[in-house]
Protein chains: 2
Amino acid sequence: MRNEPEDILERNNLKKTATRIAVLDIFSKTKIPLDAKTVWSKLKKGKCAKGANEVTVYRTLSVFEEERILKRVDLRKDSVYFELKTEHHHHIVCTKCDTVEDFENLEIEKVLARIATKSSKFINIKDHSLELFGLCKTCN
Amino acid sequence: MRNEPEDILERNNLKKTATRIAVLDIFSKTKIPLDAKTVWSKLKKGKCAKGANEVTVYRTLSVFEEERILKRVDLRKDSVYFELKTEHHHHIVCTKCDTVEDFENLEIEKVLARIATKSSKFINIKDHSLELFGLCKTCN
DNA sequence: TTGAATGCAAATCGTTTGCATCTCA
DNA sequence: TGAGATGCAAACGATTTGCATTCAA
């Protein structure tokens, strides 16, 4: 399965527009969670024709989230961050600068699955967020 | 160590005002995360003199967060939720209704502590968030 | 008394919506 | 061609700020 922006859009029955392709490009190059403002400013700087509209960015992110191309990430910031939905992983976030480190851990997933079965009120757990917060070596 | 609203305020060198006491009361009775709007409406309904101002609620929550009396919780809602900073625990949140279930799990804390030591970019991890999202038995 | 806390109005910020126009398929 | 995508202006909701007033200590 190819993962070029065009392929992703094709696969999800989305029209291949310049903005959408550019947004996917940005996410795949950046590799860290981004919010609408950041994507928008990257679009403006980037070679994307015309520079795209801020509202279109919001709409694009929203569509990508619905199509599960992007995944929302909870970083305790004032705006909503997204990242490409690739392998399941979590983040360590520097509360001072914007450094983000990814990590994955099978053990945690197992424990969470077990917790899910123990819940008294929930029967259908679909997702979870797990992020660590602290100071990176530079900011510490 | 007593934990009446007055004691908490005293301990944190905060003036004991009617609104602050009422807000702490609400949090200790409710036991689930609350956002500013909810606290405000509870204040209005409650016996709190005058009913307090919405802005004051925001300021109160903010002060309590700074003083670490309250802890911010990320529930993927449109507003910011807080809860009393008591024992460390996590949440299972219904994405349809407002049901929230608490859970704690020592095993996870251990694994996270180990992950923290393995990080290449971070040296000082202070906190983490872990919330599960799904549908409760009623909404499922 | 006095600095901190509150109330009110207005500003700000992130995000959404209505509608006319444009563009991919 | 026609449904979906975009742009622009305006609306919106959550949160913050400036400033005058009130209140706990």
Side-chain angles (χ1 to χ4, degrees), chain A residues 4-26 33-44 46 48-67 69-70 72-82 98, chain B residues 4-26 33-44 46 48-67 69-70 72-82 98:
Chain A
E4 292 305 308
E6 288 83 352
D7 305 318
I8 296 175
L9 293 171
E10 178 100 49
R11 217 180 294 139
N12 289 279
N13 293 313
L14 296 175
K15 289 188 179 173
K16 306 185 192 75
T17 69
T19 303
R20 286 178 176 171
I21 292 172
V23 168
L24 286 176
D25 257 330
I26 288 169
L34 303 171
D35 65 348
K37 234 54 173 194
T38 311
V39 171
W40 183 46
S41 66
K42 280 179 186 291
L43 272 181
K44 282 195 294 190
C48 171
K50 314 170 260 177
N53 181 283
E54 190 181 10
V55 173
T56 304
V57 173
Y58 278 102
R59 280 196 272 233
T60 302
L61 297 181
S62 170
V63 168
F64 285 177
E65 190 190 10
E66 281 165 24
E67 297 294 332
I69 295 169
L70 291 180
R72 176 188 285 240
V73 186
D74 298 324
L75 299 187
R76 292 186 186 169
K77 304 275 182 90
D78 293 326
S79 50
V80 180
Y81 282 70
F82 296 92
D98 284 325
Chain B
E4 293 304 307
E6 287 82 353
D7 305 317
I8 296 175
L9 293 171
E10 179 100 49
R11 219 181 291 140
N12 290 278
N13 292 313
L14 296 174
K15 289 189 181 173
K16 307 186 193 72
T17 69
T19 303
R20 287 178 175 170
I21 292 172
V23 168
L24 287 176
D25 256 331
I26 289 169
L34 302 171
D35 66 348
K37 232 62 174 188
T38 311
V39 170
W40 184 46
S41 66
K42 281 179 185 292
L43 272 181
K44 282 195 294 189
C48 171
K50 314 170 261 176
N53 181 283
E54 190 180 9
V55 174
T56 304
V57 173
Y58 278 102
R59 281 196 273 232
T60 302
L61 297 181
S62 169
V63 168
F64 285 176
E65 190 190 10
E66 282 165 23
E67 297 294 331
I69 295 169
L70 291 180
R72 175 188 286 240
V73 186
D74 204 331
L75 300 186
R76 295 188 185 169
K77 304 277 182 89
D78 293 327
S79 51
V80 180
Y81 282 69
F82 296 91
D98 284 326

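The analysis underlying the following values was restricted to heavy atoms, covering all of them including side chains, and did not include hydrogens, waters or symmetry mates. Residue numbering restarts at 1 for every chain, and letters A, B, ... go by the order of the sequence lines.
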Going by salt bridge (charged side-chain N to carboxylate O under 4.0 Å, His left out), name the residues that satisfy it together with A:Lys15, two or more places apart in sequence or in a different chain. none
Test of understanding: with salt bridge (charged side-chain N to carboxylate O under 4.0 Å, His left out), list the residues that count as partners of B:Asp74, not counting sequence neighbours.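 Partners of B:Asp74 by the salt bridge (charged side-chain N to carboxylate O under 4.0 Å, His left out) criterion come out as none, since no residue qualifies.
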B:Thr17 side chain near C:dA5 phosphate (N/O to OP1/OP2, under 4.0 Å):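 Checking C:dA5 against B:Thr17, no side-chain N or O comes under 4.0 Å of OP1 or OP2.
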What pairs of donor and acceptor atoms, side-chain ones from residues 5-13 of chain A against any protein atom, are under 3.5 angstrom apart with sequence neighbours left out?
unit_1: A:Asp7; atom_1: OD2; unit_2: A:Arg2; atom_2: NE; d: 3.1
unit_1: A:Asp7; atom_1: OD2; unit_2: A:Glu4; atom_2: N; d: 3.1
unit_1: A:Glu10; atom_1: OE1; unit_2: A:Lys16; atom_2: NZ; d: 3.1
unit_1: A:Arg11; atom_1: NH2; unit_2: A:Arg2; atom_2: O; d: 2.1
unit_1: A:Arg11; atom_1: NH2; unit_2: A:Asn3; atom_2: OD1; d: 3.4
unit_1: A:Asn12; atom_1: ND2; unit_2: A:Ile8; atom_2: O; d: 2.7

Tell me the interatomic distance from [X], atom [atom1], to [N], atom [atom2], rounded to whole angstroms.
| X | N | atom1 | atom2 | answer |
| --- | --- | --- | --- | --- |
| B:Arg20 | C:dA5 | CZ | C1' | 6 Å |
| A:Ile21 | D:dA5 | CD1 | P | 13 Å |
| A:Leu34 | C:dG14 | CG | P | 15 Å |
| B:Asn12 | C:dA5 | CG | P | 12 Å |
| A:Phe82 | C:dT15 | CZ | P | 8 Å |
| B:Asn53 | D:dT21 | CG | P | 16 Å |
| B:Glu67 | C:dA4 | CD | P | 13 Å |
| B:Glu6 | D:dA24 | CD | P | 13 Å |

Considering residues at least two apart in sequence or located in another chain, which fulfil the side chain to side chain donor-acceptor pair (under 3.5 Å) criterion with A:Thr17? none
Looking at residues at least two apart in the chain, or sitting in another chain, which of them share a side chain to side chain donor-acceptor pair (under 3.5 Å) with A:Ser79?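 Residues passing side chain to side chain donor-acceptor pair (under 3.5 Å) with A:Ser79: A:Asp35.
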Exercise: identify the closest heavy-atom pair between A:Phe82 and A:Leu70: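 Heavy atoms only, the tightest pair is CB-CD1, 4.0 Å.
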State, to 0.1 Å, how close B:Leu14 and B:Ile69 come at their nearest heavy-atom pair, and which atoms those are.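 Minimum heavy-atom separation between B:Leu14 and B:Ile69: CD1-CD1, 4.0 Å.
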Please report, to 0.1 Å, the donor-acceptor pairs under 3.5 Å made by any side chain of residues 56-65 of chain A, with sequence neighbours excluded.
unit_1: A:Thr60; atom_1: OG1; unit_2: A:Thr56; atom_2: O; d: 2.6
unit_1: A:Glu65; atom_1: OE2; unit_2: A:Arg72; atom_2: NE; d: 3.4

Heavy atoms from C-beta onward define the side chain here; which of C:dT6, D:dT6, C:dA5 lies closest to that of B:Thr60?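 The answer is C:dT6.
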Go through D:dT6, C:dA25, C:dA5 for me and flag the one nearest to the A:Thr56 side chain.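 For the A:Thr56 side chain, the nearest candidate turns out to be D:dT6.
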Do any N or O atoms of the protein come closer than 3.5 Å to N or O atoms of nucleotides 13-16 of chain D, and which pairs are they?
unit_1: D:dT15; atom_1: OP1; unit_2: B:Val80; atom_2: N; d: 2.8
unit_1: D:dT15; atom_1: OP2; unit_2: B:Tyr58; atom_2: OH; d: 2.8

So what is the end-to-end bend of the helix from C:dT1-D:dA25 to C:dA25-D:dT1, with 5 pairs used at each end and the value given to 10 degrees? 40°
How many angstroms lie between CG in B:Asp25 and OG1 in B:Thr19, if you round to the nearest 0.5 Å?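 Those atoms lie 12.0 Å apart.
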